[in-house]
Amino acid sequence: KRVMPITASIIAWDRSGAYNYLPKSVETFANPEELANEILHAGFKELELSPQTFGVCTITKAVKP
């Protein structure tokens, strides 16, 4: 909850606190399993999940038949 806003602020050279919204925003994202279920329910096949950065984000790949 602190690393992301601090890192974004350093990278952007921003001291206004503009990136403080990031943790709350990320909490609204579907987790990889929820997203996978939605993708399969939508009719996609050959689902592949590839966790990145120690699971911080996941690349999701699927094929629409």
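None of these values were measured; they are calculated from a predicted model.
Note that CD of E38 is 11.0 Å distant from OG1 of T60, once rounded to the nearest 0.5 Å.
Nearest heavy atoms, G43 versus P65: O-CD, 3.2 Å.
Side-chain atoms of E48 do not come within 3.5 Å of backbone N or O of E46 as any donor-acceptor pair.
The number of heavy atoms from other shown groups lying within 6.0 Å of NZ (K64) is above 12.
No side-chain heavy atom of I59 sits under 4.5 Å from any side-chain heavy atom of L49. Within the 4.5 Å cutoff, the side chain of W13 has no heavy atoms near those of the S9 side chain.
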